There are 2 protein chains.
Amino acid sequence: MATIKDIAQAAGVSLATVSRVINNGPKVGKDTRQRVKLIMEEMGYRPNANARALVTKRSASLGVVLAELHDPFFAMLAHGVETVTRKNNVQILLSAGSIEKETELRAIEILLEHRVEAMVVHSKALDDKTLIDFSKQVPGFVLINRFIPEIANRCVWLDNVTGGRLMAEHAINQGHKKLAVISSQYRIDDPNHRLEGIVNATEAAKLTLPESMIEYATPDQEGGELAMQNLLATGAEFTAVLAYNDAMASGAMTMLQDHGIAVPEQVSVMGYDDVLLAKYCRPKLTTLRYPIEMMAAKAAELALKYAAGAKPEEGLTFKYTPTIVKRDSVVRV
Amino acid sequence: MATIKDIAQAAGVSLATVSRVINNGPKVGKDTRQRVKLIMEEMGYRPNANARALVTKRSASLGVVLAELHDPFFAMLAHGVETVTRKNNVQILLSAGSIEKETELRAIEILLEHRVEAMVVHSKALDDKTLIDFSKQVPGFVLINRFIPEIANRCVWLDNVTGGRLMAEHAINQGHKKLAVISSQYRIDDPNHRLEGIVNATEAAKLTLPESMIEYATPDQEGGELAMQNLLATGAEFTAVLAYNDAMASGAMTMLQDHGIAVPEQVSVMGYDDVLLAKYCRPKLTTLRYPIEMMAAKAAELALKYAAGAKPEEGLTFKYTPTIVKRDSVVRV
DNA sequence: TTGTATGCGTTATCAT
DNA sequence: ATGATAACGCATACAA
């Protein structure tokens, strides 16, 4: 592949001049610029991003750490990031961390080795201290879906406690008194927080939510089916089910319908996330909107801004609150 | 950030020695190795991938060009690639090309500038010649979802003509004689090929498929709804609908149900792709399995192999054929 | 306006 | 086993 040197030689000018042409530098004759450009075209010259990054110490790239790409949720996240990187002519470097400590760590390290300027990190397995340390090394370090007080101004996150509360309140407002909960079996913050919000709301409404009305399973459709199966097996009575996410809600609905229980006529179901699926499934899912795409875009902007030298404001954080999307899976009782 | 030089200084050895330690070079004393490693640890040393890429001319990265990240289909594609890059300690560089000539071109160029070793490209807007040219520049250049005879051995693609035929044949075998088709309005190869297969099958079965029974819309749920609405508005009669993809099929089902037409009792519906949605929607979609994740993994492997110097075998290509997944949206009539 | 020279962080070649 | 040194491709301060 042709280098700047080859171009200089072919054009009969110096390296510096070519470099200036490439970067639209100011001090270069109009005709020389023309000629050099032509030759670059002819020789199919492409600047070497690595060499450039080495000397300028700026890589024009943003690293993204996420769990699993095939999860639609992370696809939305990635897309949110992409909208802003594209606008800024910044490249995306992807690193998957599958919610395992070692992998997440390695994912971040790899991005660091590539000297990405900014970083949007979705980490659930790493501890606060590790993340705080990284944020000190990388000016453009931003966390998504996580809140760490010490670096609050680098956190773009969803208030899941409020989310849980909103879910439960909505069900309660619709007259439901016997609630069941289908949660994720992974003991990370998100399910804990959502559950906390649900419990708060039930207590405030003087309802009881016995442990037996809470089922845990994998946070996907199969998990939702399984959890509902278990719930039904215990013979428990409930008129509304609050699921950890839309996939579990969908699974739960399927299982209910398979048992001849009409949704929402006999049992109401609520999801969380508002992914595509929520609109596609029948009945359409009443759920909580998790504006992950918007949040991811925000995180990317922030990361780029910090990377460019902006100082994170003290005492600031980027908290989003989910909102209820009323569709057809919940009815008044 | 500490460099190899800093480490050398701190350890009282030369650059060369440190470099050897980093790369697990052979000729270095056991104790020196220990000491250097310790110091690297202490100083938080991280090799600079850019510098390394510059001198070794190998970037340990694979570029991916795809259309839209938030499309679950591309999320699967990305995931397929990721499974093999992870295994090979190769980094993913993402570039979105939104099915526009200019953007796709720019996406590839950017990856080229980063000197990615391998490339998995999903391009629909670029012409054959351009792609062939690129493949000559980049040894590890592989196309996914596209077939170009001149570089057949770099193409991992799905036989959409056969796919279309299988769809139609399945419907016909189930006794359906009046078919309707919902296709994509984008005049790229995929819908054309699928339609071609459908037409072939209908002709072989001595059925007619008038142009009025084919509706075109955007390849998403809204498009499916719209297309079905149009179809119903014309008063056309049909007992089976073949959709361009699962999203359109889902939209079509919704619209049918909204019009009080039972699926599959009154009208059967078939999708294409077998994305998550196909299992989630009600009735579960009978569709064609498009093993995109597997294909993407194959493409990535191939790209890496070619990048490593393996010569593309002449006359070879990587064609996949979709298979029918029978679920609940099609019945015998 | 143009050219020269230096250095970015690393690997690799050649000495020692 | 270890060190000195020349690249790699580019940007840039300094000269001319």
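From a predicted model like this one, the values you see are computed outputs, not experimental measurements. Numbered from 1 within each chain, the chains take letters A, B, ... in sequence-line order.
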Within 6.0 angstrom of B:Glu102 CD, more than 12 heavy atoms from elsewhere |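 Incorrect, the count does not exceed 12.
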
More than 12 heavy atoms of other residues, nucleotides or ligands under 6.0 Å from CD of A:Gln34: is that the case?
->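 It does not: A:Gln34 CD has 12 such atoms or fewer within range.
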
Nearest-angstrom distance from the residue atom [atom1] of [X] to [atom2] of [N]:
{"X": "A:Arg20", "N": "D:dA13", "atom1": "CZ", "atom2": "P", "value": "11 Å"}
{"X": "B:Asp31", "N": "D:dA1", "atom1": "CG", "atom2": "P", "value": "11 Å"}
{"X": "B:Lys27", "N": "C:dT11", "atom1": "NZ", "atom2": "P", "value": "18 Å"}
{"X": "B:Arg58", "N": "D:dA7", "atom1": "CZ", "atom2": "P", "value": "22 Å"}
{"X": "B:Asn48", "N": "D:dC8", "atom1": "CG", "atom2": "P", "value": "18 Å"}
{"X": "B:Arg46", "N": "C:dT10", "atom1": "CZ", "atom2": "C1'", "value": "17 Å"}
{"X": "A:Ile4", "N": "D:dC8", "atom1": "CD1", "atom2": "C1'", "value": "13 Å"}
{"X": "A:Lys30", "N": "C:dT2", "atom1": "NZ", "atom2": "C1'", "value": "18 Å"}

At under 4.0 Å, does any side-chain N or O of [X] touch on OP1 or OP2 of [N]?
{"X": "B:Ser19", "N": "C:dT10", "answer": "no"}
{"X": "B:Thr32", "N": "D:dT2", "answer": "yes"}
{"X": "B:Lys57", "N": "D:dG9", "answer": "yes"}
{"X": "B:Thr17", "N": "D:dA1", "answer": "no"}
{"X": "A:Asn23", "N": "D:dA11", "answer": "yes"}
{"X": "A:Ser14", "N": "C:dG3", "answer": "yes"}
{"X": "A:Arg52", "N": "D:dA11", "answer": "yes"}

Relative to the 5' end of DNA chain D, which residue comes earlier, A:Asn50 or B:Leu15, by the nucleotide with the nearest heavy atom?
->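 So the residue in question is B:Leu15.
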
In terms of side-chain heavy atoms, does B:Asn145 have a donor or acceptor partner in B:Tyr290 at a distance below 3.5 Å?
->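 A pair is found: one side chain offers a donor N or O, the other an acceptor, under 3.5 Å apart.
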
Using a distance-only test with no angle check, is there a side-chain donor-acceptor pair under 3.5 angstrom linking A:Thr130 and A:Asp127?
->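 Yes - a donor-acceptor pair under 3.5 Å links their side chains.
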
With no hydrogens and no angle check, is any side-chain donor or acceptor of B:Ser61 less than 3.5 Å from a backbone partner on B:Gln91?
->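 Between the backbone of B:Gln91 and the side chain of B:Ser61 there is no qualifying donor-acceptor contact (under 3.5 Å).
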
Please work out which of the three classes, parallel, tilted or perpendicular, describes the rings of A:His122 and A:Phe74, given edges at 30° and 60°.
->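 The arrangement is perpendicular - the two ring planes meet at more than 60°.
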
So what does A:Val55 hit on the nucleic acid, given a heavy-atom distance under 4.0 Å: a base, only sugar-phosphate, or nothing?
->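 Base contact.
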
Which part of the nucleic acid does B:Val13 contact within heavy-atom distance under 4.0 Å: base, sugar-phosphate only, or nothing?
->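 The answer is sugar-phosphate, as B:Val13 gets under 4.0 Å only of primed atoms, P, OP1 or OP2.
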
Kindly point out which of [options] is positioned nearest to the side chain of [X]?
{"X": "B:Ala51", "options": "C:dC8, C:dG9, D:dA1", "result": "C:dG9"}
{"X": "A:Leu54", "options": "D:dC10, D:dT2, C:dG9", "result": "C:dG9"}
{"X": "B:Tyr45", "options": "D:dC10, D:dA1, C:dT10", "result": "C:dT10"}
{"X": "A:Ala16", "options": "C:dT2, C:dG9, C:dT4", "result": "C:dT4"}

Presence of donor-acceptor pair under 3.5 Å, side chain of B:Arg115 and base of D:dG9 |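 Between D:dG9 and B:Arg115, which were checked side chain against base, a qualifying N/O pair under 3.5 Å is absent.
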
